[in-house]
Amino acid sequence: MMAKLFRAVIMGPPGSGKGTISERIAQSFGLKHLSSGDFLRENIAADTEAGVLAKTYIERGLMVPDHVMTRLLLPRLEEMTRHSWLMDGFPCTLTQAKALNSTCDLDLVISLNIPYETLKDRLSDRWIHPGSGRVYNMGFNPPRVQGRDDLSGEPLIQHDNDQPEALVARLRHYKDVAKPVIDLYKSKGILHTFSGTETDKIWPYINSLLSTKIPSRPETDTQHIPLP
Ligand SMILES: Nc1ncnc2c1ncn2[C@@H]1O[C@H](COP(=O)(O)OP(=O)(O)OP(=O)(O)O)[C@@H](O)[C@H]1O
Ligand SMILES: Nc1nc2c(ncn2[C@H]2C[C@H](O)[C@@H](COP(=O)(O)OP(=O)(O)O)O2)c(=O)[nH]1
């Protein structure tokens with residue numbers, strides 16, 4: 001018999017560790033890690049209509065409009081009816097949350113609450129492999145060879161909008177748009193908020209919460225490998 005499917009969302013401001021924690025969850029619990037940023041990059045690389053449109057916003061450091069995001073993501077989620085997944089980066093507005101709601105029932109929402117100074121320090125030190133979206137931090141998870149992606153060896157880049165001047169505006173914007181989404185999930189009783197300055201300290205709490213919610217492997221083709 002197939003285990004019950006599990007659908008979760010992870011929310012948090014830029015630099016809060018959504019990508020890092022999502023990877024740990026995917027590895028430990030066998031959920032598929034879906035990332036709005038990765039979907040966008042795939043569409044941009046494939047020159048799809050939505051990708052071409054999204055690129056014009058991303059290049060200016062702006063959020064992609066809701067109708068483009070939902071047109072892009074909801075069909076992909078509808079294809080995932082037989083999979084358990086964790087979505088990172090979507091929804092980030094109330095319109096997106098309502099659209100997601102009409103497609104599926106979420107089991108759990110993780111919200112990361114990280115102090116501004118911590119976000120600023122992390123992002124000013126974030127390096128990205130543009131081809132894959134792999135993320136490094138010179139202190140926390142440095143690449144094996146400085147300035148180069150571990151798998152491809154290609155150069156890493158920094159985003160202008162990760163720098164402190166742009167970050168203040170991004171965080172203010174995140175707070176404004178995320179608040180009603182957080183309130184919605186709180187009212188549904190599925191919101192779990194984790195606060196702290198270090199991913200390694202937050203992770204055990206998330207791990208134990210998920211262990212109570214996902215008692216057995218949700219997929220047959222993945223392994224439950226607890227992390228150290
Ligand atoms: N749900 C969304 N709604 C609107 N725009 C989005 C959404 N998700 C991603 N984007 C756009 O895609 C860009 C890349 O997203 P991605 O999540 O990879 O990186 P990011 O901007 O560095 O975010 P974070 O710092 O939170 O990781 C965002 O800057 C934004 O323009
Ligand atoms: N110093 C430090 N850096 C951390 C920690 N957790 C994650 N990072 C790094 C990895 C990235 O370079 C950056 C942001 O993390 P991310 O997972 O990309 O965050 P998000 O933007 O997806 O929410 O911070 C952490 O606990 N300490």
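Computed over heavy atoms, backbone and side chain alike; hydrogens, waters and symmetry mates excluded. These figures come from a predicted structure and were not determined experimentally. Whatever order the structure lists ligands and atoms in, that order sets their numbers, starting from 1.
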Interfacing atoms of ligand 2 (cut-off 4.0 Å, heavy-atom, [X]):
{"X": "Val135", "answer": "11 (C), 12 (O), 18 (O)"}
{"X": "Tyr136", "answer": "12 (O)"}
{"X": "Thr199", "answer": "5 (C), 6 (N), 7 (C), 25 (C), 26 (O)"}

**Study point:** Per-ligand residue contacts, ligand 1, heavy-atom threshold under 4.0 Å
**Key:** Pro14, Gly15, Lys18, Ser36, Gly37, Leu40, Arg41, Ile58, Leu62, Met63, Val64, Met69, Gly89, Phe90, Cys92, Gln96, Arg126, Arg170
Review point. Which residue holds the protein heavy atom closest to atom 17 (O) of ligand 2, what is that atom called, and what is the gap in Å?
Key: Thr20 OG1, 2.6 Å
Check your understanding: What are the two closest heavy atoms between Thr197 and Arg122, and how far apart are they?
Key -> O-NH2, 3.1 Å
Exercise for review: Examine the proximity of ligand 2 to Pro13 and report which part, side chain or backbone, both or neither, has a heavy atom under 4.0 Å away.
Suggested key: backbone
Check your understanding: Would you call Lys179 and Asp183 a salt bridge, taking side-chain N to carboxylate O under 4.0 Å as the test?
Key -> yes
Review point. What about Pro14: any of its N or O atoms under 3.5 Å from an N or O on ligand 2?
Key: no
Solution key, residues 102-113 side-chain donor-acceptor pairs under 3.5 Å, sequence neighbours excluded:
residue	atom	partner	partner atom	Å
Ser102	OG	Ala99	O	2.6
Thr103	OG1	Ala99	O	3.2
Asp107	OD1	Lys4	NZ	3.0
Asp107	OD2	Arg7	N	2.7
Asn113	ND2	Ser195	OG	3.1

Check your understanding: Do the side chain of Ser28 and the main chain of Ile25 share a donor and acceptor less than 3.5 angstrom apart?
Key -> no
Practice item. Check each of Asn207, Asp200, Thr199 against Arg24 using the side chain to side chain donor-acceptor pair (under 3.5 Å) test, and report the only one that passes. Key: Asp200
